[in-house]
Amino acid sequence: QVQLVQSGGGLVQAGGSLTLSCAASGRTLGMAWFRHAPGRQRQFLAFTSRSGGNSYYADFLKGRFTISRDNSKNTVYLQMNSLEPEETAVYYCAEAVSNNGAAYYNALRYNYWGQGTQVTVSS
């Protein structure tokens with residue numbers, strides 16, 4: 001059963017932008033985005049804390065992605081700019097509702113996951 005409902009994704013040309021969204025629970029301690037492409041390991045992308053005041057990103061993004069949240073809607077967003085074909089993947093949101101001691105970039109930190117949305121970047 002889907003735990004978090006994601007929206008967004010689709011086809012975008014190289015250099016273009018796309019924004020993903022994910023509905024969280026009211027109990028969230030933190031939200032993150034990951035992606036998983038065939039033949040590759042799952043990659044951490046971005047994390048934001050409960051208040052949205054603390055955000056962390058994978059270094060390889062080089063400032064191109066922005067994570068944000070609207071607490072009134074319990075929704076987290078991932079704004080992706082300057083997308084490259086190599087970033088074609090299924091993108092997942094994840095939610096932490098309890099602190100298990102794992103790092104924010106560790107998938108084991110998160111209790112709930114979205115269904116995933118396909119992002120395809122064309123040349």
Side-chain angles (χ1 to χ4, degrees):
Q1 185 176 358
V2 175
Q3 298 168 319
L4 304 176
V5 178
Q6 298 180 222
S7 62
L11 177 65
V12 63
Q13 292 185 342
S17 299
L18 203 62
T19 299
L20 309 179
S21 64
C22 177
S25 75
R27 306 184 307 277
T28 184
L29 298 179
M31 298 286 293
W33 290 94
F34 292 78
R35 69 187 180 196
H36 194 185
R40 290 178 172 267
Q41 293 183 315
R42 179 169 50 188
Q43 294 179 305
F44 165 78
L45 300 174
F47 166 88
T48 186
S49 64
R50 176 175 52 195
S51 67
N54 295 312
S55 299
Y56 304 99
Y57 299 90
D59 288 341
F60 64 79
L61 295 178
K62 299 181 179 180
R64 296 181 297 111
F65 289 15
T66 301
I67 188 170
S68 62
R69 67 192 308 161
D70 183 343
N71 286 333
S72 68
K73 299 179 180 179
N74 292 326
T75 300
V76 66
Y77 304 91
L78 183 67
Q79 179 180 329
M80 305 182 292
N81 300 320
S82 301
L83 286 163
E84 302 171 3
E86 293 76 18
E87 295 176 298
T88 294
V90 177
Y91 285 66
Y92 297 89
C93 65
E95 179 183 21
V97 299
S98 63
N99 193 340
N100 62 12
Y104 64 87
Y105 52 80
N106 188 340
L108 296 177
R109 174 74 178 87
Y110 302 95
N111 305 98
Y112 303 124
W113 291 81
Q115 79 277 17
T117 57
Q118 177 70 43
V119 173
T120 301
V121 185
S122 63
S123 301

*Work out which heavy atom in Ala96 is nearest to a heavy atom in Arg109; give both atom names and the distance.*
CB-NH1, 3.3 Å
*Can you tell me how far CZ of Arg50 sits from CE of Met31, rounded to the nearest 0.5 angstrom?*
14.0 Å
*Close side-chain approach of Glu86 and Val121, heavy atoms under 4.5 Å*: no
*asked:* With heavy-atom distances below 4.5 Å as the criterion, would you say the side chains of Cys93 and Leu20 are in contact?
replied: no
*Are the side chain of Gln6 and the backbone N or O of Gly116 linked by a donor-acceptor pair below 3.5 Å?*
yes
*Could you tell me whether a side-chain N or O of Thr28 sits under 3.5 Å from a main-chain N or O of Ser25, the two making a donor and an acceptor?*
no
*Where is the tightest heavy-atom contact between Leu45 and Leu61, given as atom of each residue plus distance?*
O-CD1, 3.2 Å
*For the residue pair Met80 and Leu83, what are the closest heavy atoms and their distance?*
CB-CD2, 3.9 Å
*Any link between Trp33 and Val97 through a network of hydrophobic side chains (Ile, Leu, Val, Met, Phe, Trp, Tyr) touching at under 4.5 Å?*
yes
*Measuring from Arg27:CZ to Asn74:CG, what's the distance to the nearest 0.5 Å?*
10.5 Å
*asked:* Restricting to non-hydrogen atoms, name the atom on Gln118 and the atom on Ala89 that form the minimum distance, rounded to 0.1 Å.
replied: NE2-O, 3.5 Å
*Anything under 30° is parallel, anything over 60° is perpendicular, the rest tilted; go ahead and classify Phe34 against Tyr110.*
perpendicular
_Is it the case that the side chain of Gln79 and the backbone of Thr19 share a donor-acceptor pair, with hydrogens and angles ignored and the cut-off at 3.5 Å?_
no
*Got a sec, which residues hit salt bridge (Lys or Arg N to Asp or Glu O under 4.0 Å) with Glu87, two or more places apart in sequence or on another chain?*
Arg35, Arg64
*asked:* Tell me every residue that passes side-chain contact (heavy atoms from CB on, under 4.5 Å) with Ser7, counting only those two or more places apart in sequence or in another chain.
replied: Ser21
_Residue pairs passing the ring pair (Phe, Tyr, Trp, His ring centres under 6.0 Å) test where at least one lies in residues 56-103, sequence neighbours excluded_ = Tyr56-Tyr104
*Between Gly30 and Phe47, which heavy-atom pair has the shortest distance, and what is it?*
CA-CE1, 3.9 Å
*Do side-chain atoms of Glu95 reach the backbone of Leu4 as a donor and acceptor pair under 3.5 angstrom?*
no
*Identify the two heavy atoms, one from Ala32 and one from Ile67, that lie closest to each other, and give their separation to 0.1 Å.*
CA-CD1, 4.5 Å
*Is a side-chain N or O of Arg69 found less than 3.5 angstrom from the main chain of Ser49, in a donor-acceptor match?*
yes
